[in-house]
Amino acid sequence: MSVASYLCYPHLMRKVLTRAFFDRSAERVARELLGMYLVRRIGTREEAFRIIETEAYVGPHDLACHAAKGLTKRTEVMFGPAGRFYVYFVYGMHWMLNIVTEREGYPAAVLIRGIEGAIGPGRLTKRLAITGVFNGAKAVRESGLWFEDRGTAPSPRTIRKTPRIGVAYAGKKWARKKLRFVLVAPASQTSRR
DNA sequence: ACGATGATGAAC
DNA sequence: TTCATCATCGTA
């Protein structure tokens, strides 16, 4: 494959996001995951979905973050190294997919809330057949679930910041923080004037 | 608009 | 033991 091919067909660029990408603040990771791809492999079948909605849960002081409860059996994955999935069950029905961020020992994560074709964290996991078996797994090819940079980073002007969904219990300060990131023009790769 | 779903952890 | 939760679907 020549360099020219990549220039003509930017989607052929496929760079798997490694631990270093996630070993940063949850807020930055949440913002930069917009436009990246979540890739799922089941057997030999592979599907990639552009990420269009995320939320950052920024640490133990963030009262909306499960880690604010401290180290428990459920939250222990968040206390581990970055680049692993934190998957938990809510409301007796839905699996929520998060990716752990920050250094080992500092609990923080990004909730993947929406991909093209499946808006909503519960719908997304159902669509990709993601359950608790992914909890603690590394986001690498071998796991069957990973992230890729396909060279389609969105223009900053297509990114919206809003308060997170369903976190009123966290108190005004944390419920109001704009830690939800939404890509409003998923198809466009560059800014429009 | 509201009830059902049913793991986890905190409050009681 | 009871209650609320990082939703969603079916029924009214």
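All values below were derived from every heavy atom in this structure, side-chain atoms included, with hydrogens, water molecules and symmetry-related copies excluded. In what follows, chains are A, B, ... by sequence order, proteins preceding strands, each numbered from 1. Owing to the predicted nature of the structure, the values given are computational and were not obtained by experimental measurement.
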Student: Under 4.5 Å between any side-chain heavy atoms of A:V100 and A:F22, yes or no?
Tutor: no
Student: Charged N to carboxylate O under 4.0 angstrom, A:E47 versus A:R40?
Tutor: no
Student: Which value, in whole Å, describes the distance between the C1' atoms of nucleotides C:dT8 and B:dG9?
Tutor: 23 Å
Student: Any idea which of C:dT5, B:dG9, B:dA7 is nearest the A:T72 side chain?
Tutor: B:dG9
Student: Under the 5.5 Å and 30° test, is A:F89 stacked on the base of B:dA7?
Tutor: no
Student: Taking atom C1' in both C:dC9 and B:dT8, compute the distance separating them and give it to the nearest angstrom.
Tutor: 22 Å
Student: Expressed in angstrom and rounded to an integer, what is the separation of A:Y88 atom OH from B:dG9 atom P?
Tutor: 12 Å
Student: Given C:dT8, B:dT5, B:dG6, which nucleotide is nearest the side-chain atoms of A:M93?
Tutor: B:dT5
Student: Against the six-membered ring of A:F21, is A:R24 placed for a cation-pi contact (under 6.0 Å from the centre, within 45° of the normal)?
Tutor: yes
Student: What is the distance from NE2 of A:H94 to C1' of C:dC9, rounded to the nearest Å?
Tutor: 7 Å
Student: Between A:V167 and A:R123, who's closer to the 5' end of DNA chain C by nearest nucleotide?
Tutor: A:V167
Student: How many whole angstroms separate atom CE of A:M96 from atom P of B:dG9?
Tutor: 16 Å
Student: Under 3.5 Å for both donor-acceptor distances, Watson-Crick or wobble: does C:dT1 have a partner, and if so which one?
Tutor: B:dA11
Student: Say you pick atom P in C:dT5 and the same atom in B:dC12; how far apart are they, in whole Å?
Tutor: 14 Å
Student: Quick one: A:K69 NZ to C:dA4 P, roughly how many Å, whole number?
Tutor: 13 Å
Student: How close or far is atom P of C:dA7 from atom CD1 of A:I119, stated in whole angstroms?
Tutor: 14 Å
Student: Determine the contact category for A:K73: base if any of its heavy atoms lies under 4.0 Å from a base atom, sugar-phosphate if only primed atoms, P, OP1 or OP2 are that close, otherwise nothing.
Tutor: sugar-phosphate
Student: Specify the separation, in whole Å, of atom CZ of A:R74 and atom P of B:dA10.
Tutor: 9 Å
Student: Taking any heavy-atom pair under 4.0 Å as a contact, classify A:I165: base, sugar-phosphate, or nothing.
Tutor: sugar-phosphate
Student: Look at A:K178 together with A:E55 and state whether they make a salt bridge at an N to O cut-off of under 4.0 Å.
Tutor: no
Student: Report the distance from atom CD1 of A:I130 to atom C1' of C:dA7, rounded to the nearest whole Å.
Tutor: 16 Å
Student: In whole angstrom, give the distance that lies between atom CH2 of A:W95 and atom C1' of B:dA7.
Tutor: 8 Å
Student: Students often get this wrong, so: under 4.0 angstrom with heavy atoms, is A:R164 touching a base, only sugar-phosphate, or nothing?
Tutor: nothing
Student: Taking the side chain as everything from C-beta on, heavy atoms only, tell me whether A:F181 gets closer than 4.5 Å to A:E27.
Tutor: yes
Student: Any idea which of C:dA7, B:dT5, B:dG6 is nearest the A:P121 side chain?
Tutor: C:dA7
